[in-house]
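Beneath this line is the structure, given in structure tokens, with notes to follow.
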Amino acid sequence: MARIQKQCDTIACWSLVWLLLVVFVPSNNEVAAFSPLDVLHNNENTLRLAPSSSSSSKLFAKPPPNLLFDLEAVEAFEAQMDLQELALVNELGSAAETDDGDEDDGGDDDVDDGRFEDQVADAVQEFVVPPELHNKRIDAVIASLIPTLSRSVCGTMVEDGLVQDGDETVLNRKSHKVAAGTTLRVAVPREEKPLEIEPQNLPLDIIYEDEHMIVLNKAAGMVVHPAAGNWDGTVVNALAYYLSTSPYGSGDFVGKDADTSSSTGSKEDPTGADGETLSFRPGIVHRLDKGTTGVLVVAKTSQALATLSEAFAARTTKKTYMAITVGNPGRKVVIDKPLGRHPIHRQRMRVVPDPHRKDSSGTAPKDRFSPTMLQKGRRALSFVDTLAFDSKLAVVQVRIETGRTHQIRVHLQDRHTPIYGDDVYGIADWNKRLLKSHGIQRPLLHAYQLEVDHPVTGERMTFVAPMAEDMKQLATNIWPTGPEEYPEIFA
């Protein structure tokens, strides 16, 4: 009787175990199949678990990873997205890449919302696409219909929403192909290039000047030279006013007999950034972003312009920046990643993916796509060193060997430590906090030091510009001992 009771207790115990397995183990997992009835006796009257027909099954405490998602499906989806992105790159066409110096000024200006009726224009011109332009890109069609406008200008007009079809539908994709017989309504902007640079009495922070060049500490919010959307209020406008009465002379580019031609004698600079004539960039050797402050060197003579331009192109100059970043980029970090135009947001730059880097399936982009579908970037080399970090923000020193457009901003974004206040590559919530707490609405990036050979004497010269007050105050909060350790930066 006692033995029967013992067997009943044993069966009840295994029944409880079975119930717990049914309740807590997901039904789609592999569970060793057994039953309380599988409890048998051997000759020694001990209990054992009889082997089940599915004896090879395994008991898992939680679902194995391969049951949670289809890895092949995920990789196929990633490959499809890559194909769509690269196809879009080909459709848009390769954007012209220019090495304009340190940063691209004016590149972050707000883009118009594209509403046709809100554009200020002299007149709305109406055209019918002729048969010879059938199925051509709309920017090329408009350039053919309005010969006075370049194709790049026409493309910008399309993106700005200045082109409609006959049904008043805005056509804002410059890669859009139009059929013969299509009616196009084009609003030609009223704003045109001024015939000459207007001298303006604007404050300039002059670090150094002689008869060959002038070095400035550029203020935030000031564009370097006139361009679309910024025809005045620039550094060039301010220099046109100041140099006319400078004790060191006005140089070749300012005055009644100013020579606005390039060093080769051409009135146009076909390789100039933004397609502007050199007369709107007199003496400009390199550029800084609109929101960036710091050292900017400007040539006053054609000879100095040619020599300094050659020095920047040969990378014999040494450029050092200060930045405040969200997060800590690290100590003595080398970032050697190529940059290229973003395939969708054409006003932005990005780090171009390495075509040889393999994904989780072990396949590299170069093995999935043809060479024509792979975007090629231009090499960009930055040396980053964190000087101070308060667990949220960092004061960072950056030295760049190359001068790609938005190089520092994109490299730091790629490292997941974007520049504080950068409305293009930064973090929106942090930018709002910066505006609310400090009233700052710009990237906190400063061209701190420039080493360059004098264009005439060949003497190696070092120019240092202290940070702007808004950035200096924030940097001091992060790095209280900074003014003592680097007084020239905080001067």
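Below, each value reflects all heavy atoms present in this structure, side chains not excepted, and no hydrogens, waters or symmetry copies.
One distance of note links CD of E469 with CZ of F490; it measures 11.5 Å at 0.5 Å rounding. Note: D167 CG to T182 OG1 = 10.0 Å, rounded to the nearest 0.5 Å. Note: K318 NZ to R399 CZ = 5.0 Å, rounded to the nearest 0.5 Å. We find the CD1-CG distance between I284 and L296 to be 6.0 Å, quoted to the nearest 0.5 Å. Taking OG1 of T317 as the start and CG of L308 as the end, the distance is 9.5 Å to the nearest 0.5 Å. With values rounded to the nearest 0.5 angstrom, Q125 atom CD is found 11.5 Å from R185 atom CZ.
In plain terms, the two heavy atoms of T234 and Q200 that are nearest each other are N-OE1, 4.4 Å. Between T292 and L445 the shortest heavy-atom distance is CG2-O, 3.4 Å. Shown here for N328 and A394, the closest heavy-atom pair between the two residues is CA-CB, 4.3 Å. Between L288 and A447, the shortest heavy-atom distance links the atoms CD2-CB, 4.1 Å. Here the closest heavy-atom approach between residue M222 and residue P203 is recorded as CE-O, 4.4 Å. Across all their heavy atoms, R442 and A468 have their closest contact at NH2-CB, 3.9 Å.
Side-chain atoms of N237 come within 3.5 Å of backbone atoms of E198 as a donor-acceptor pair (strictly under, hydrogens ignored). Proximity of a side-chain donor or acceptor of H286 to a complementary backbone N or O of V297 within less than 3.5 Å is detected. Although no hydrogens or angles enter the test, the distance criterion places no donor-acceptor pair under 3.5 Å between the side chain of D160 and the main chain of L162. In this structure, T307 contributes its side chain and Q303 its backbone to a donor-acceptor pair below 3.5 Å. Judged by distance alone, with hydrogens and angles left aside, the side-chain atoms of D289 form no donor-acceptor pair with the main-chain N or O of G291 at under 3.5 Å. With T462 contributing its side chain and E451 its backbone, the two residues share no donor-acceptor pair below 3.5 Å. In terms of modelled atom types and a separation under 3.5 Å, the side chain of K218 and the main chain of K290 share a donor-acceptor contact. Judged by distance alone, with hydrogens and angles left aside, the side-chain atoms of D165 form no donor-acceptor pair with the main-chain N or O of L184 at under 3.5 Å. Remark: side-chain polar atoms of N431 are paired, donor with acceptor, to backbone N or O of G421 under 3.5 angstrom. Judged purely by atom type and a 3.5 angstrom limit, R409 has no side-chain atom pairing as donor or acceptor with the backbone of P418.
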### Query
Would L216 and V235 count as a side-chain contact (heavy atoms from CB on, under 4.5 Å) if you check the C-alpha gap in whole Å, the side-chain angles of each, and the deciding distance to 0.1 Å?
CA-CA 9 Å; L216 308 172; V235 171; 3.7 Å; yes
### Query
Is there a side-chain contact (heavy atoms from CB on, under 4.5 Å) between V410 and Y425 once you walk through the steps?
CA-CA 7 Å; V410 176; Y425 304 103; 3.7 Å; yes
### Query
For K300 and S246, what are the C-alpha separation, side-chain angles and deciding distance, and is it a side-chain contact (heavy atoms from CB on, under 4.5 Å)?
CA-CA 11 Å; K300 293 173 63 175; S246 170; 4.1 Å; yes
### Task
Quick one: do V298 and V236 satisfy side-chain contact (heavy atoms from CB on, under 4.5 Å)? Show the steps, please.
CA-CA 9 Å; V298 180; V236 168; over 6 Å; no
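Within the 4.5 Å cutoff, the side chain of L202 has no heavy atoms near those of the Y241 side chain. Contact annotation: the side chain of M349 approaches that of R341 to within less than 4.5 Å [non-hydrogen atoms, C-beta and beyond]. Contact annotation: the side chain of V186 never approaches that of L145 to less than 4.5 Å [non-hydrogen atoms, C-beta and beyond]. In this structure, L444 and L434 have side chains that are in contact, with non-hydrogen atoms separated by less than 4.5 Å. Side-chain contact between Q164 and V170 is present, with heavy atoms from C-beta onward closer than 4.5 Å. Contact annotation: the side chain of L474 approaches that of Y420 to within less than 4.5 Å [non-hydrogen atoms, C-beta and beyond]. V326 is listed as a side-chain neighbour of L393, based on a closest heavy-atom distance under 4.5 Å. In this structure, the side chains of I138 and C154 stay at 4.5 Å or more apart for every pair of heavy atoms.
Here the rule is side-chain hydrogen bond (donor to acceptor under 3.5 Å, both in side chains) with S382, and of E401, Q407, R404 only Q407 fits it.
A 6.0 Å sphere centred on NZ of K472 holds more than 12 heavy atoms belonging to other residues, nucleotides or ligands. Within 6.0 Å of CD in Q397 there are more than 12 heavy atoms belonging to other residues, nucleotides or ligands.
In this structure, a donor-acceptor pair under 3.5 Å is present between the side chains of E209 and Y242. Side-chain contact annotation: H446 with T293, donor-acceptor N/O pair under 3.5 Å present. Side-chain atoms of R348 and H406 form no donor-acceptor pair, as typed in the model, at a separation below 3.5 Å.
In this pair, H454 and Y208 present their aromatic rings perpendicular. The plane angle is above 60°, beyond the 30 to 60° band.
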